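Notes follow the structure.
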Amino acid sequence: MKNKRILIFDTTLRDGEQCPGASMNLREKLEVARQLARLNVDVIEAGFPVISDGDFASVQMIAKQIKGPIIAGLARCVAKDIDAAGAAVKPAGRRARIHVFLATSKIHREFKLGKAQDEILRLAVEGVKRAKSYVDDVEFSPEDGSRTEPEFLVQVCKAAIEAGATTLNIPDTVGWAVPEQYAALIRRLYDEVPQFQWGKAIISVHCHDDLGLAVANSLAAVKAGARQVECTVNGIGERAGNAALEEIVMAIKTRRDFFGGVHCGVNTREIVKSSRLVSRMCGLIVQRSKAIVGENAFAHASGIHQDGILKKRETYEIMNPREVGWGQTDLPLTKHSGRAAVAARLKHLGFKMTDADVAAIFARFKEIGDKKKFVYDDDLTALVEGHITEVPETWTLDYLSVSSGSQTVPTATVRLKRFIGNKAPSEVLQDAGIGDGPVDATLKAIDRLTKTRGKLMDYSLRAVSQGKDALGEVTVKADFGQGELVTGKGASTDVIEASARAYLNAVNRFLCSNSAKGKKQPQP
Ligand code: KIV
Ligand code: ZN
């Protein structure tokens with residue numbers, strides 16, 4: 001096949017965000033989208049605009065602000081979905097794409113949709129045509145494609161292309177496929193749909209990881225002729241996740257010999273940064289041994305390996321860690337660094353900050369700088385992330401004192417300020433709590449003050465940078481009784497304070513989403 005270019009379609013902000021507890025606010029999504037643009041992906045699937053006003057607004061904002069990649073919005077083959085997607089991606093102009101999908105497999109047709117094959121064909125064609133009335137670039141996905149009868153899939157692809165689709169995505173929606181079989185399906189589609197051979201449309205793949213085969217299936221499909229791969233940073237996504245972008249990109253690059261010289265345009269040096277940003281924004285920790293982006297991915301423990309590496313790196317390293325963005329540390333800042341230095345470093349790290357943002361981050365930087373000798377880029381990034389995950393109408397931590405020990409009942413005294421909008425604090429409240437440990441006591445005191453009752457479903461703590469004085473970053477997932485986990489993040493050199501900040505961040509998010517839904521705020 002002449003076309004050797006593989007398009008990387010990133011769906012972190014759509015399928016990735018469907019991962020339980022991974023939801024991001026508008027500001028967080030914008031930061032991720034900015035980083036995806038620096039990573040130089042070809043397409044950013046920014047969301048599913050019809051789902052909610054928030055989803056619509058974030059797709060529209062990304063379409064307006066992010067330059068470079070194509071911006072896609074997802075839609076079912078339903079008029080109101082397509083109209084919403086068309087309006088949301090419009091600001092991207094010629095880089096706007098609508099991605100329409102409709103299930104085609106027998107099980108989905110019979111049990112989910114109650115529709116026969118000819119009805120599915122008709123709806124797919126109508127959906128593509130409607131999307132085409134908004135944008136030139138239309139992608140169609142026969143959902144559960146891998147479990148669809150191949151002869152029907154051929155018919156669907158032909159019909160969708162004739163209606164105007166230029167990308168035909170074949171999802172392995174439930175992660176059922178295995179590489180050889182999935183590759184055979186892709187090859188069959190390529191052979192039996194002449195428009196693929198003429199270059200009138202390309203085949204895309206979208207694999208889920210239920211059997212741990214998402215990346216293997218995607219790569220087998222590339223070998224068989226697919227020219228777009230849909231994936232997410234860190235492989236986050238619905239259930240077991242999607243194919244991991246970093247693994248797809250580095251496999252194609254590292255094993256170009258095997259994949260017949262195909263290539264993609266991703267700037268691999270941005271991979272680690274993207275992974276960290278997504279991990280923090282979603283509150284999903286990357287396992288240490290994760291390929292490419294895990295802390296241990298390039299750590300060589302055995303003496304034999306270390307010796308080999310020293311003699312010739314390639315003896316035990318198939319990729320250069322620098323190639324994916326490891327080890328790019330700049331000189332750390334210190335408490336003596338001024339506001340201009342902090343602003344310059346933020347810019348260098350790629351954050352687009354207003355003067356007010358810089359002022360808020362600089363204030364936190366000063367607090368941290370007093371406690372810690374060096375403030376590293378990762379520390380600063382954690383402060384930025386803490387800042388942009390803040391939500392309006394915020395409780396903020398003013399004072400925290402904790403006493404605990406093997407012979408003491410853990411007790412926490414907490415003072416909070418309550419802000420309404422951007423005004424000065426409307427009140428300052430203080431209370432104390434006892435608990436099973438210092439974190440429990442602190443969270444109980446916060447619950448009493450804010451009149452919320454959050455059940456802690458997940459708690460994780462990681463050191464942001466090196467050294468004993470490293471910032472501890474806490475991520476919590478709390479259930480406030482609304483059936484949806486709320487994520488909160490906080491960082492401090494003191495892990496109890498980081499826990500309090502993370503929990504308050506979750507409380508604020510919960511209150512903010514309640515007020516967006518018009519619910520009454522609990523009154524202290
Ligand atoms: O997994 C899937 O089938 C999807 C489609 C919407 C492409 O995410
Ligand atoms: Zn999916």
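Both backbone and side-chain heavy atoms feed into the values below; hydrogens, waters and symmetry mates do not. What you are looking at is a predicted structure, and each value in this text was computed from that prediction instead of being measured. Order of listing sets the numbers, starting from 1, for every ligand and every atom in it.
Side-chain polar atoms of Thr475 and Lys489 form no donor-acceptor pair below 3.5 angstrom.
Under the 6.0 Å distance and 45° angle rule, Arg76 does not count as a cation-pi partner of Phe48.
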Need the list: ligand 1 N/O atoms against protein N/O atoms, distance under 3.5 Å, rounded to one decimal.
unit_1   : atom_1 : unit_2 : atom_2 : d
ligand 1 : 1 (O)  : His206 : NE2    : 3.1
ligand 1 : 1 (O)  : His208 : NE2    : 3.0
ligand 1 : 3 (O)  : Thr173 : OG1    : 2.7
ligand 1 : 8 (O)  : Arg14  : NH1    : 3.4
ligand 1 : 8 (O)  : Arg14  : NH2    : 2.9
ligand 1 : 8 (O)  : Asp15  : OD2    : 3.1
ligand 1 : 8 (O)  : His206 : NE2    : 3.1

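Contacts of Asp137 classified as salt bridge (Lys or Arg N to Asp or Glu O under 4.0 Å), with partners at least two apart in sequence or in another chain: Arg97.
Its N, O or S atom nearest to the Zn ion (ligand 2) is what matters here, and for Asp15 that atom is OD2.
Atom CG of Leu168 and atom CD of Gln195 lie 9.0 Å apart (nearest 0.5 Å).
Between Tyr190 and Phe196, the two ring planes are parallel [angle under 30°; tilted spans 30° to 60°].
Salt bridge status for Glu31 with Lys352: absent, with no side-chain N to carboxylate O gap under 4.0 Å.
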